[in-house]
Amino acid sequence: MANTTEYTLEKIAGHHVEETLGHGALVDAKHASDEEHAQSLWQAIKANKSAVGWSVAVSMSVVMEGYDTILIGNFFGYPEFQKKYGHDYGGTAGYQVSAPWQTGLSMASTVGAIFGGIMNGQLCAKYGYRWVMIVALFFMAAFVFIIFFAQSLPVLLVGEILCGFSWGVFATVGPAYASEVCPTNLRGYLTTFVNLCWAIGQFIAAGVLEGLINRPDQWSYRIPFALQWIWPVPLMIVCFFMPESPWYLVRNDRLEEAKHNIKRLSNDKTEEQLAGQLAMLVHTTKIEAEIVAGTSYLDCFKGVDLRRTEIICVAFAGQILSGSTFAYSPTYFFEQAGMSSSNAFKMNVGSTAMAFTGTLLSWWLITYAGRRTLYVWGQGALFFFQMILGILSATTSSKGSLWAQAAICIIWVLIYSMTIGPIAYAIVAETSSVRLRPLSVCLARTTYQLINIVSQVLEPYFMNPTAWNAKGKTAFFWGGTALCMFVWAYFRLPEGKGRTYEELDLLFQKKVSARKFSSTHVDPYAMESQEGLVQVQSVQSQEETKEIK
């Protein structure tokens with residue numbers, strides 16, 4: 001570093017990050033922030049290849065959750081599974097797992113994920129992402145034994161609950177880790193990659209189920225369970241060698257290790273660039289500590305963090321409220337509507353392929369459109385197609401109508417995978433404060449799971465021929481919840497595209513309207529060294545500079 005710089009690693013090592021940084025440290029931090037803003041996408045990828053690789057590797061754990069999510073839901077329409085765990089209701093209904101047991105099995109992993117997510121928030125804040133992931137993967141491998149050897153519905157239920165503990169960890173660590181190790185330009189792509197992993201898991205499950213549907217024995221459903229053992233051990237090895245998040249290390253005053261891990265995550269950075277990057281992390285942590293101190297779940301509901309908690313919890317719950325529980329279990333829906341099991345599972349493969357394609361297209365969309373735009377209009381489009389599907393189901397029962405409903409369902413999945421599905425992960429990871437991220441992301445995930453439980457209680461009753469038997473008319477209900485999410489997002493969801501975490505901190509502190517986030521200019525480094533004043537100025541109105549004390 002230059003001789004004029006007051007900030008060196010040796011000078012602050014062992015000190016708390018809340019201590020005031022010198023003027024030279026602010027200059028270094030501002031240079032690092034400006035450099036991050038100035039990078040193009042390809043420059044950011046080239047300079048952070050290691051961070052991209054580690055983020056991708058950690059997010060791959062979500063493949064297991066996506067795999068199981070579609071597995072259980074589609075087993076309800078699987079002939080051998082129905083014979084093993086269901087009862088013969090006679091007539092056109094045939095073998096069916098009863099609606100209460102469908103509800104229980106659908107909810108099982110969700111209940112486990114709620115408790116796993118809550119514990120994960122505290123554990124990650126204390127022990128970091130690395131060791132929490134290793135332990136979760138170990139228990140995942142152990143709990144798969146229970147569902148593989150289950151001979152009754154109660155044992156299968158317990159196994160799903162226990163597996164849910166680990167899935168709750170995977171779903172929260174993936175986006176949180178990606179958001180912390182990647183620069184601003186890559187943050188959206190790597191957090192939405194979590195949704196691609198979800199789609200990959202669903203696509204694999206759909207292919208496995210379609211390939212085994214005609215096998216006339218217990219292995220038709222036990223082989224899909226056994227395939228879950230493929231992932232844990234390789235991922236445990238990956239996590240053992242992965243660098244811990246520098247943000248976690250800075251929050252815990254381990255600055256020497258933080259600088260070392262910044263070096264591991266970046267490519268060819270000079271010592272001055274490394275020190276500047278560390279200064280930016282320290283500076284952001286200091287700003288947040290000055291706004292509100294504390295790192296407990298209660299702190300997520302205090303001051304400016306209350307608004308941030310609302311945004312990430314409701315935005316994440318919007319994945320369910322858009323109707324994903326209905327659209328992502330198309331096999332059972334198609335079968336109850338009159339389609340053969342073979343054709344229903346073929347349609348399921350096509351649906352998951354659309355989910356994969358849609359997530360890839362979302363990377364192109366977020367390059368040009370903001371998170372807010374994609375989320376708001378995504379919910380609007382999903383509402384529209386749910387209404388069309390419901391109207392078709394209510395007005396005619398012809399074979400042509402059935403295939404039209406199937407086509408609309410697949411289009412719905414494509415739109416969801418281009419907008420709400422992946423963008424929700426970016427919103428959750430970006431909007432949460434750095435200081436409270438492990439906790440707030442877990443709160444968002446818990447809210448998602450609670451809403452998911454309600455949907456999984458309702459959905460079997462909507463669809464099961466022994467219960468409400470609403471079939472495609474179920475879309476009217478989920479269309480209504482999607483409309484509610486559209487209204488909420490329009491008035492409450494801010495735009496985080498292109499913002500560093502320092503800028504987001506100040507925008508929330510200033511209580512800027514959600515619709516003005518993208519048009520408000522913030523300079524976190526326009527400070528008077530003694531008083532710590534921050535300038536915030538509206539680009540549109542060019543109002544006088546105001547001071548945030």
Between [X] and [Y], is there a donor-acceptor pair closer than 3.5 Å when you use the side chain of the first and the backbone of the second?
| X | Y | value |
| --- | --- | --- |
| Q449 | I114 | no |
| W229 | A141 | yes |
| S417 | L414 | no |
| S220 | D217 | yes |
| R437 | A429 | yes |
| Y448 | I320 | no |
| N261 | E244 | yes |
| T431 | I427 | yes |
| T357 | A353 | yes |

To the nearest 0.5 Å, what is the distance between [atom1] ([X]) and [atom2] ([Y])?
| X | Y | atom1 | atom2 | value |
| --- | --- | --- | --- | --- |
| L443 | C300 | CG | SG | 5.0 Å |
| S166 | L137 | OG | CG | 7.0 Å |
| Y416 | Q379 | OH | CD | 9.0 Å |
| I415 | S362 | CD1 | OG | 13.5 Å |
| T191 | E180 | OG1 | CD | 12.5 Å |
| W363 | L360 | CH2 | CG | 6.0 Å |

* Greater than 12 external heavy atoms within 6.0 Å of F476's CZ -> yes

What heavy-atom pair brings [X] and [Y] nearest, and what distance separates the two atoms?
| X | Y | value |
| --- | --- | --- |
| Q319 | A424 | NE2-CB, 3.7 Å |
| W101 | P154 | CH2-N, 3.8 Å |
| I391 | T395 | O-OG1, 2.8 Å |
| L374 | T419 | O-CB, 3.5 Å |
| E495 | T373 | OE1-N, 4.1 Å |
| G128 | V132 | O-CG2, 3.2 Å |

By salt bridge (Lys or Arg N to Asp or Glu O under 4.0 Å) - contacts of [X] (at least two apart):
| X | result |
| --- | --- |
| R264 | none |
| E160 | none |
| E430 | R187, R371 |

* salt bridge (charged side-chain N to carboxylate O under 4.0 Å, His left out) contacts touching residues 100-117 (sequence neighbours left out) -> none

Within a strict 4.5 Å, meaning less than it, do heavy atoms of the [X] and [Y] side chains meet?
| X | Y | value |
| --- | --- | --- |
| F193 | Y189 | no |
| F115 | I161 | no |
| Q151 | L156 | no |
| F240 | R130 | yes |
| E80 | Q218 | no |
| L436 | V441 | no |
| M140 | F170 | yes |
| C163 | F139 | no |

* With sequence neighbours excluded, tell me which residues meet side chain to side chain contact (heavy atoms under 4.5 Å, CB included) with A444. => I312, C313, F316, V428

* Would Y67 and W231 satisfy ring-ring contact (aromatic ring centres under 6.0 Å, His included), going step by step from the backbone distance to the final call? -> CA-CA 11 Å; Y67 180 93; W231 298 99; 8.8 Å; no

* To do: Find out whether the Lys NZ or Arg CZ of R492 is both under 6.0 angstrom from the six-membered ring centre of W488 and within 45° of the ring's axis.
  => no

* Structure fact -> With F225 as partner, the option from F81, F75, F148 fulfilling ring pair (Phe, Tyr, Trp, His ring centres under 6.0 Å) is F75

* To do: Test side-chain contact (heavy atoms from CB on, under 4.5 Å) on M119 and F165 and set out the steps.
  => CA-CA 9 Å; M119 292 190 302; F165 277 86; 3.5 Å; yes

* Asked: Is the Y177 ring parallel, tilted or perpendicular to the Y129 ring (thresholds 30°, 60°)?
  -> perpendicular

* Could you walk me through whether W54 and V181 pass side-chain contact (heavy atoms from CB on, under 4.5 Å), step by step? => CA-CA 9 Å; W54 286 113; V181 301; 5.8 Å; no

* Derivation of the side-chain contact (heavy atoms from CB on, under 4.5 Å) call for C442 and I118 -> CA-CA 6 Å; C442 290; I118 291 173; over 6 Å; no

* Are the aromatic ring centres of F383 and W478 under 6.0 angstrom apart? -> no

* Asked: Looking at residues at least two apart in the chain, or sitting in another chain, which of them share a side chain to side chain donor-acceptor pair (under 3.5 Å) with S266?
  -> none

